[in-house]
Structures are given as structure tokens and as C-alpha cells.
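First comes the structure, then the notes that go with it.
Position 1 is the first residue of the sequence; numbering continues from there.
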Amino acid sequence: MRLFVVRHAKAGDRKRWKGAPDEVRPLSNSGRAQSAALAERLIEEKPTRLVSSPILRCVQTLEPLGEQAGLAVEVDERLMEGASFEESLALVAELPDGAVICSHGDVIPDLISALVRRGMELTTEPDWRKATIWVLDGPDERSPDDEPIFTTAAVEHPPRFD
């Protein structure tokens, strides 16, 4: 079982956003470049499903990958800012091998920490920056609670376009 957990690409400064609600703050120019680079990296993994927080910057992060893979970007509120690790774990339990999810800087650390508490080993130092990719690996078997078992996780540093 392999799962890819992506933090959304750069979307500019939240404090300087003068548009509508923060939920519709789009990717910046460098964020769009990051999302294209993420797509180039992840397309070689043959993604099976793309699931994103409904927040625009997350959806936009996965759209180039969706176009290349011929997959729609599904949205799921269990990946929104403020979602609990229980909610994101429940979603992860439903995903197939090769799925890619995109979320936020509060949800991803909580999810990774919850999986570490369940026995997953980090093989790299954590990196929580925007446009990072966490690669979670484990056997195809499931736990007695029917949850996927992830044994290792490694993070890939974000592409930079500053």
C-alpha cells in the first residue's frame, strides 16, 4: 500500500489576501509552477485517485496531476483546515493503493503523528513546507480494525520556483 500526502503549493500570504474569503485564495505564480512540478513527479507513480481539501489552493495543487492522469480531483471536507486526525485517518482508510491526497499545514502533521503513534517509522526528517510530498508505504494487508498499515514514511522536499 502506498499513499501520497501533499501539502498544497504556495498561495501567497494569507494576511495580504484582499479577495473573498480565504477559502478561495488561489495559488500564486510560484505555486502554479510547484503544482506543475508535483504533477511531473507524481504522474510516474500512476495515481489511482486524487482527493483534496475543498479549499481552492488544494484543488488547484492537484489539478495538473489530474489532467495528466485523466482523473478528477475529488473534494473531501475531512482534509480541510481544522479537521481532526480521526477524520483524516477515516478518509485514509477508504483510499486505494496509489491515491494522492492534498491538505493543509495543520492536518498533515496531525495525520503523520497519528500514524507514527500507530507504529509508522519516519525515514526522513519531517518537512512541513508547502508542496512537500509525504510517501507512506506499507504492506497490502490491513489492521484488525480494517485500517491500512503504513510502516514507513519519507518526505520529499518541495520544488522551488522563487
Side-chain angles (χ1 to χ4, degrees), residues 1-11 27 30-31 33-55 57-66 68-69 71-161:
M1 172 79 176
R2 178 169 267 194
L3 175 70
F4 301 92
V5 181
V6 177
R7 179 159 181 214
H8 68 77
K10 291 183 178 181
L27 293 180
S30 62
Q34 283 180 323
S35 68
L38 290 169
E40 290 301 317
R41 160 61 185 94
L42 290 169
I43 193 65
E44 60 195 47
E45 301 289 345
K46 297 181 176 64
T48 57
R49 190 169 166 195
L50 306 179
V51 184
S52 171
S53 160
I55 305 301
R57 56 192 172 271
C58 282
V59 173
Q60 288 180 328
T61 297
L62 292 185
E63 283 178 336
L65 178 59
Q68 288 188 34
L71 295 170
V73 178
E74 304 169 42
V75 297
D76 195 302
E77 291 190 0
R78 294 174 288 183
L79 294 172
M80 285 187 69
E81 284 183 305
S84 69
F85 75 85
E86 293 93 349
E87 291 172 298
S88 56
L89 277 175
L91 171 63
V92 165
E94 299 169 9
L95 296 173
D97 182 40
V100 179
I101 64 175
C102 185
S103 192
H104 303 273
D106 62 334
V107 176
I108 294 170
D110 286 352
L111 173 62
I112 298 297
S113 294
L115 291 169
V116 167
R117 289 190 302 272
R118 286 159 175 76
M120 184 177 74
E121 176 188 354
L122 300 183
T123 60
T124 60
E125 288 295 316
D127 186 346
W128 310 115
R129 291 178 291 170
K130 293 177 178 148
T132 51
I133 302 171
W134 282 88
V135 182
L136 284 54
D137 283 306
D140 289 334
E141 64 198 52
R142 297 179 77 83
S143 76
D145 296 331
D146 200 35
E147 292 181 353
I149 299 170
F150 294 104
T151 54
T152 62
V155 67
E156 298 179 12
H157 299 296
R160 298 201 48 120
F161 300 95

Here the gap from I112 atom CD1 to F150 atom CZ, rounded to the nearest 0.5 Å, amounts to 9.0 Å
Side-chain touch T48/L95, heavy atoms, less than 4.5 angstrom: no
Roughly how far apart are L50 CG and C58 SG, rounded to 0.5 Å? 12.5 Å
Step through the shown structure and confirm whether more than 12 heavy atoms of other residues, nucleotides or ligands are within 6.0 Å of CD on E44. yes
Would you find a donor on one side and an acceptor on the other, under 3.5 Å apart, between the side chain of S103 and the backbone of L79? yes
Rounded distance (nearest 0.5 Å) linking atom OG1 of T152 with atom CG of L122: 9.5 Å
Could you tell me whether the side chains of H104 and S53 share a donor-acceptor contact shorter than 3.5 Å? yes
Between Q34 and P159 (side chain of the first, backbone of the second, donor and acceptor by atom type, cut-off under 3.5 Å), is there such a pair? yes
Counting distance only, does the side-chain N/O of T61 pair as donor-acceptor with the main-chain N or O of A9 below 3.5 Å? yes
What I want to find out is whether R2 reaches D137 closely enough, with some N-O distance under 4.0 Å, to be called a salt bridge. yes
Sub-3.5 Å donor-acceptor pair from the side chain of S113 to the main-chain atoms of P109, do we have one? yes
Do P54 and M80 touch side chain to side chain, with heavy atoms closer than 4.5 Å? yes
Minimum heavy-atom distance V107-G82, with the two atoms named: CG2-N, 4.2 Å
Going from OG on S35 to NE2 on H8, what distance comes out if it is rounded to the nearest 0.5 angstrom? 12.5 Å
Do R41 and I133 have side chains that get closer than 4.5 Å, going by heavy atoms? yes
Under 3.5 Å, side chain of D127 to main-chain N/O of V155, donor-acceptor pair present? no
Going by heavy atoms in the side chains, are P96 and R49 under 4.5 Å from each other? yes
Using only atom types and a distance under 3.5 Å, with no angle test, would you say the side chain of Q60 pairs donor to acceptor with the backbone of L27? yes
Atom pair CG (L89) and CD (E94), whose distance is rounded to the nearest 0.5 Å: 11.5 Å
side-chain contact (heavy atoms from CB on, under 4.5 Å) between L62 and I101, worked out: CA-CA 8 Å; L62 292 185; I101 64 175; over 6 Å; no
For residues P158 and K130, report the shortest heavy-atom separation together with the two atoms involved. CB-O, 3.1 Å
Point-to-point distance, once rounded to the nearest 0.5 Å, from CG of D140 to CD1 of I149: 10.5 Å
Does any part of the side chain of L3, heavy atoms only, come nearer than 4.5 Å to the side chain of V135, both counted from C-beta? no
Of all the heavy-atom pairs spanning F4 and G98, show the shortest one and how long it is. CD1-O, 4.3 Å
After noting the C-alpha distance and the side-chain angles of V51 and L91, does the key distance pass the side-chain contact (heavy atoms from CB on, under 4.5 Å) rule? CA-CA 9 Å; V51 184; L91 171 63; 4.1 Å; yes
Between D110 and F85, is there a donor-acceptor pair closer than 3.5 Å when you use the side chain of the first and the backbone of the second? no
Hey, is E81 close enough to R57 for a salt bridge, meaning N to O under 4.0 Å? yes
Can you check whether L136 reaches M120 side chain to side chain, under 4.5 Å on heavy atoms? yes
Quick one: are P47 and L65 in side-chain contact, heavy atoms under 4.5 Å? yes
